[in-house]
Amino acid sequence: MVLLRVLGSAAGGGSPQWNCGCPVCAAVRSGAAPARTQSSVAVSADHRHWFLINASPDVRTQIEAFPGLHPRDDRTTPIEAVLLTDAELDHTLGLLLLREARAGLLVYATPAMHKTLCDGSGLLRTLERYCPVEWRALVPGAGVPLAGGLSCRVFDVPTTKPDRFGSGADHGRVVGYRLTDERSGGTLVYLPGVQALTPALRAEIQGCHCLLIDGTCWRDDELVRLGLAGRTSREMGHLPIDGPDGSLAQLPSLGVGRTIFVHLNNTNPVLLQDAPERRIVEDSGMEVAMDGLEVEV
């Protein structure tokens, strides 16, 4: 079966975010709500070979919090590779913190992400000065065998979010993963960033045993209302949970066994256990991820 561990359930900046005094961040600092690290998960089909999907700036803390990722002897690590959903700093800065890898790092990314990491942020060029880096190109629609009976299919996630480094790519800037245990047939979809549930994306999600999906904002204008940004959730590349065409309204028709919201922004009221928004999510049969949550399918 596929085992997934949520290493970090928050969006970029974590919760609380260091420079934010919104109601949720204030609640976390007071001890009324749990802190969350930045978005990443670990997946395996045999509990021996592990793959990180994204490497957040909190990756060291996340590894230490999960014994399954601890080194077995000397400096042999069960982490086989890092698979990326995009080239954003929130999902890639942790690669630099993995530079001590004895045999180097194996990174799965689309050509668009690779170009950004080499010629835009320059992150991979920096990392290569510390350890060998092997890049394996992801092709949307193609299956990728991983290890221990685990395989994945990457799929393109259309986005109009700003291209910070001018990659010029129309495809492959953001992707999702459909993970499968080839022995049991268990399927899990990881989609931490999605702007709209297009017909193609709905087909990728349809009927999976478990879906972990973008829950960045509750409302489309959440950050605008709080005076923290001038753009809506959708304009930043994230489908809001609430609203007539939000994810909460659209997902029930897709026949998913279990739905969990991840990549939660520090302003999202669902982070508070007693918030009415949290009750709406739970009454719908869906869940809000926590750091350390483990899912088996």
Side-chain angles (χ1 to χ4, degrees), residues 2-20 22 24-25 27-29 33-44 50-70 77-98 105 107-109 113 123 157 174-177 179 188-194 210-218 236-238 241 259-273 278 281 286-296:
V2 180
L3 173 64
L4 179 144
R5 164 91 174 201
V6 176
L7 301 177
S9 55
S15 179
Q17 184 170 303
W18 70 275
N19 64 340
C20 185
C22 74
V24 176
C25 287
V28 176
R29 291 190 178 101
R36 287 173 161 82
T37 60
Q38 296 171 86
S39 176
S40 177
V41 298
V43 292
S44 175
W50 287 91
F51 296 83
L52 303 187
I53 304 185
N54 296 328
S56 88
D58 301 313
V59 68
R60 181 188 177 280
T61 299
Q62 294 167 343
I63 290 171
E64 290 304 312
F66 181 35
L69 298 182
H70 292 176
T77 172
I79 299 173
E80 299 284 331
V82 179
L83 292 73
L84 298 178
T85 62
D86 54 53
E88 294 288 336
L89 293 180
D90 304 331
H91 290 155
T92 59
L93 274 177
L95 292 171
L96 296 177
L97 303 180
L98 302 177
L105 284 178
V107 178
Y108 288 82
M113 296 175 203
L123 189 146
V157 179
V174 180
V175 301
Y177 289 89
L179 300 140
L188 185 151
V189 173
Y190 186 61
L191 187 56
V194 59
C210 184
L211 168 67
L212 289 94
I213 189 169
D214 188 347
T216 303
C217 291
W218 174 255
M236 292 186 288
H238 301 285
I241 297 174
T259 299
I260 305 169
F261 288 107
V262 294
H263 196 273
L264 301 146
N265 198 58
N266 61 286
T267 57
N268 193 328
V270 301
L271 295 179
L272 302 177
Q273 183 64 46
R278 178 69 163 267
V281 169
M286 301 183 194
E287 303 171 49
V288 174
M290 283 285 300
D291 290 21
L293 174 68
E294 295 187 359
V295 177
E296 290 185 340

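Values in this document were obtained by computation on a predicted structure and should not be read as measured data.
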Can you check whether [Y]'s main-chain N or O pairs, donor with acceptor, with [X]'s side chain at less than 3.5 Å?
| X | Y | value |
| --- | --- | --- |
| Gln17 | Thr267 | no |
| Asn268 | Gly215 | yes |
| Tyr177 | Leu188 | no |
| Asp214 | Val194 | yes |
| Ser40 | Asn54 | yes |
| Gln38 | Gly13 | yes |

- Please assess Thr216 against Asn265 for the test side-chain hydrogen bond (donor to acceptor under 3.5 Å, both in side chains), listing each intermediate value before the final yes or no. CA-CA 5 Å; Thr216 303; Asn265 198 58; over 6 Å; no
- By side-chain contact (heavy atoms from CB on, under 4.5 Å), Met236 pairs with (sequence neighbours left out) Leu223, Arg231, His238
Non-hydrogen atoms of [X] and [Y] that approach each other most closely:
| X | Y | value |
| --- | --- | --- |
| Leu7 | Thr37 | O-OG1, 3.2 Å |
| Cys20 | Cys25 | O-CB, 3.4 Å |
| Val175 | Leu84 | CG2-O, 3.6 Å |
| Val157 | Gly193 | CG1-O, 3.4 Å |
| Arg36 | Met290 | NH2-SD, 2.9 Å |
| Val24 | Ser15 | CG1-OG, 4.2 Å |

[atom1] of [X] to [atom2] of [Y]: how many Å apart, nearest 0.5 Å?
| X | Y | atom1 | atom2 | answer |
| --- | --- | --- | --- | --- |
| Ile213 | His263 | CD1 | NE2 | 12.5 Å |
| Ile260 | Met286 | CD1 | CE | 11.5 Å |
| Ser56 | Glu88 | OG | CD | 13.5 Å |
| Leu179 | Leu3 | CG | CG | 11.5 Å |
| Leu98 | Leu105 | CG | CG | 5.5 Å |
| Ser44 | Leu52 | OG | CG | 11.5 Å |

- Message: side-chain contact (heavy atoms from CB on, under 4.5 Å), that's the test. Do Ile63 and Ile79 meet it? Break it down for me.
- Response: CA-CA 10 Å; Ile63 290 171; Ile79 299 173; 3.8 Å; yes
- Listed by chain and number, what are the salt bridge (Lys or Arg N to Asp or Glu O under 4.0 Å) partners of Glu80, not counting sequence neighbours? none
- Message: Going by the rule salt bridge (Lys or Arg N to Asp or Glu O under 4.0 Å), which residues pair with Glu294 if we only count those two or more places apart in sequence or in a different chain?
- Response: Arg5
- Does atom CZ of Arg29 have more than 12 heavy-atom neighbours from other groups under 6.0 Å away? yes
- Message: If you apply the rule side-chain contact (heavy atoms from CB on, under 4.5 Å), what do you find for Thr77 with Trp50, and how did you get there?
- Response: CA-CA 9 Å; Thr77 172; Trp50 287 91; over 6 Å; no
- Begin from the C-alpha positions of Leu212 and Val6 and carry the test side-chain contact (heavy atoms from CB on, under 4.5 Å) through to its verdict. CA-CA 10 Å; Leu212 289 94; Val6 176; 4.0 Å; yes
- Task: Report the C-alpha separation of Ser39 and Val262 in whole Å, then their side-chain angles, then the decisive distance to 0.1 Å, and conclude whether the side-chain contact (heavy atoms from CB on, under 4.5 Å) test is met.
- Result: CA-CA 7 Å; Ser39 176; Val262 294; 5.6 Å; no
